[in-house]
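Whatever order the structure lists them in is the order used to number ligands and atoms, beginning at 1.
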Amino acid sequence: MFDSLSDRLGSVFDKLRGRGALNEADVREAMREVRIALLEADVALPVVRRFIDSVTEQAVGQSVLKSVTPGQQVVKIVNDALVEMLGGDDVPGLDLAAAPPVVIMMVGLQGSGKTTTTAKLAKLLKEKHGKKAMMASLDVNRPAAQEQLKVLGEQVDVATLPIIAGQQPVDIATRALQAAKLQAIDVLLLDTAGRLHVDQQLMDEMQAVAAISTPKEVLLVVDSLTGQDAVNVAQSFTAQVPLTGVVLTRMDGDARGGAALSMRAVTGKPIKFAGTGEKLDALEVFQPSRVAGRILG
Ligand code: GDP
């Protein structure tokens, strides 16, 4: 992940640092190269524009150009702007402050890693937060989706709602809430149905489930390998579902990074977690400064 972006930026900044003095033209030339590197990494165009404008404005300031280490200062400005682009340093954790059962609704397209992430999150809530969790699959579209969650539940030792064949998503959610109340569950994770593409029926279903379950968190799961597509998917969901955050999966893959870098700006929502592998403990709290650090080497 980010390898080629990191290499490209590295060579731009090596050049800058190598010089004693910098003038405005040097900075503008470097920013032109940064712009191309970001676009090649598949970062959304409006996000790139805003980033370059903001960094250029700060970097051509006299205090930077007249400083003893102007190259170093420009790199610091870029680093801070990257952290900001990724959501700033204070990523809010999960908001679980409500009367139990607190509902977390997981949404996203089929294949994004939603079911796996639901199980990863249940495991994390149980082990790191000491919560009694339950999972329920509302995916009646994909054959075996409910069974898949059951198997994952057994692996992470978290209860899943018993499957009743033929039941529809809103009814499953209602039953899950009742079961969670009866069993004194702290957190109920609803793994909603995915689709291959965003469609209105999916959005209507998400809205109906949200209306009856009043989730405290609605997390959009997106595959970071899908680049610009992930950004388009996020835009569609943001417009129709009350998202509270994003989970980026396959951050262990060799994505160019555009999805990760665009997501915050496009959705306006924090990236809360990163999936970093197929194993059920491969879920990390997303830390913008660490990610920026990795990009800038
Ligand atoms: P869903 O259709 O969105 O529910 O997707 P699944 O949860 O079934 O995941 C699809 C595939 O992606 C599975 O093989 C998962 O093991 C894999 N997967 C999910 N998250 C990650 C991740 O963060 N990294 C990697 N390498 N694989 C993942």
Is it true that [Y] and [X] share a donor-acceptor pair across their side chains at a distance under 3.5 Å?
X	Y	value
Gln168	Glu205	no
Ser236	Gln240	no
Asp89	Ser289	yes

Atom of Thr276, atom of Lys120 and distance for their closest heavy-atom approach: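 Where Thr276 meets Lys120 most closely, the heavy atoms are N-NZ, 4.2 Å.
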Residues lining ligand 1 [heavy-atom distance under 4.0 Å, listed by chain and residue number]: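 Under the 4.0 Å cut-off, ligand 1 touches Leu109, Gln110, Gly111, Ser112, Gly113, Lys114, Thr115, Thr116, Lys120, Arg142, Gln148, Thr249, Arg250, Asp252, Gly275, Thr276, Gly277, Glu278.
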Sidechain-backbone polar pair: Lys132 side chain, Gln183 backbone, donor-acceptor under 3.5 Å: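 Flag set: sc Lys132 to bb Gln183 pair under 3.5 Å.
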Point-to-point distance, once rounded to the nearest 0.5 Å, from CG of Leu177 to CG of Leu161: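 That separation rounds to 10.0 Å.
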